[in-house]
Amino acid sequence: MRRIKILFFVVLGSIFSTQAQSFITFQLGGTNRTIQQASTRKDIALHYTNLILQYGYLVKPTSEVFGGVNFGYVPSSRERTASGFAGLRYYLKPLNKRLIPFGQFSGELLFDNSFALTNRDADFIGSAGMGIDFKAASTISIRGSVVLGLPFFSTGTLNPLTN
């Protein structure tokens with residue numbers, strides 16, 4: 001079974017900042033996920049709306065560690081996800097610029113209600129991605145990113161090739 005997370009577009013609003021070193025952000029966006037149905041091996045694309053609460057801390061002027069929680073839902077069905085995640089984001093330009101490209105790596109423990117399709121409800125997903133932040137105002141940025149994630153551990157199987 002494979003789950004691929006692609007195209008994650010996020011509107012990011014900084015709601016708290018202390019000494020410009022840490023950030024608590026609320027994010028709203030969307031994710032396209034491909035789930036492979038267990039019985040038929042058919043790929044099913046689901047389009048989730050995501051609500052995310054994230055904490056980030058600048059460890060260097062262009063490096064940020066981050067973590068948070070994510071709730072995703074498909075408005076037209078009962079499909080839901082909840083996850084906790086942590087990662088590292090590296091900015092390619094200083095954060096005081098208007099356009100800031102970045103790359104990131106993260107890990108995510110994802111719980112969903114897709115057991116009827118995939119015969120499991122939990123995955124540990126590793127992902128890598130890249131994107132760009134556009135600073136619309138001092139506390140509001142618009143982020144576009146592409147993140148590709150594959151499961152490393154799911155229901156006792158430690159091999160993404162057999163998923």
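Excluded from the calculations below are hydrogen atoms, water molecules and symmetry mates; all remaining heavy atoms, backbone and side chain alike, are included.
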_side chain to side chain contact (heavy atoms under 4.5 Å, CB included) assessment of Arg80 paired with Phe71_ = CA-CA 7 Å; Arg80 305 287 185 264; Phe71 174 72; 3.7 Å; yes

*Test side chain to side chain contact (heavy atoms under 4.5 Å, CB included) on Glu64 and Tyr57 and set out the steps.*
CA-CA 5 Å; Glu64 175 186 18; Tyr57 182 78; 5.9 Å; no

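Between Phe102 and Ile132 the shortest heavy-atom distance is CE2-N, 3.4 Å. When all heavy atoms of Val69 and Phe85 are compared, the pair lying nearest together is N-CE2, 3.6 Å. Taking every heavy atom of both residues into account, Leu28 and Leu51 meet most closely at CD1-CD2, 3.4 Å. Among all heavy-atom pairs drawn from Ser83 and Glu108, the shortest one is OG-OE2, 2.6 Å. In terms of heavy-atom proximity, Asn32 sits nearest to His47 at OD1-ND1, 2.7 Å. Contact detail for Leu99 and Phe134: the closest heavy-atom pair is CD2-CD1, 3.5 Å.
Residues Leu148 and Val146 are not in side-chain contact: their nearest non-hydrogen atoms beyond the backbone lie 4.5 Å or more apart. At a threshold of 4.5 Å between non-hydrogen side-chain atoms, the residues Tyr48 and Glu79 count as touching.
Both Leu53 and Tyr55 sit in one connected hydrophobic cluster of ILVMFWY residues. Membership requires side-chain heavy atoms under 4.5 Å apart, directly or through other members. Residue Met130 is not grouped with residue Leu92 when hydrophobic side chains (ILVMFWY) are merged at heavy-atom distances under 4.5 angstrom, including chains of intermediate members. With hydrophobic clusters built from ILVMFWY side chains whose heavy atoms lie under 4.5 angstrom apart, Leu88 does not share a cluster with Tyr90.
Using a 3.5 Å distance cut-off with no hydrogens or angles, the side chains of Asp133 and Ser141 do not pair a donor with an acceptor.
Expressed to the nearest 0.5 Å, how far OG of Ser106 lies from CZ of Arg89 amounts to 8.5 Å. In this structure, the separation between CG on Asp123 and OG1 on Thr81 is 11.0 Å, given to the nearest 0.5 Å. A distance of 9.0 Å separates NZ of Lys93 from CD1 of Ile100, quoted to the nearest 0.5 Å. In this structure, OG1 on Thr25 lies 8.5 Å from CD1 on Ile52, to the nearest 0.5 angstrom. Note that CZ of Phe66 is 15.5 Å distant from CD1 of Ile24, once rounded to the nearest 0.5 Å.
In this structure, Phe105 places its CZ atom where only 12 or fewer heavy-atom neighbours from other residues, nucleotides or ligands lie under 6.0 Å away.
One N or O on the side chain of Arg98 and one on the backbone of Lys135 form a donor-acceptor pair closer than 3.5 Å.
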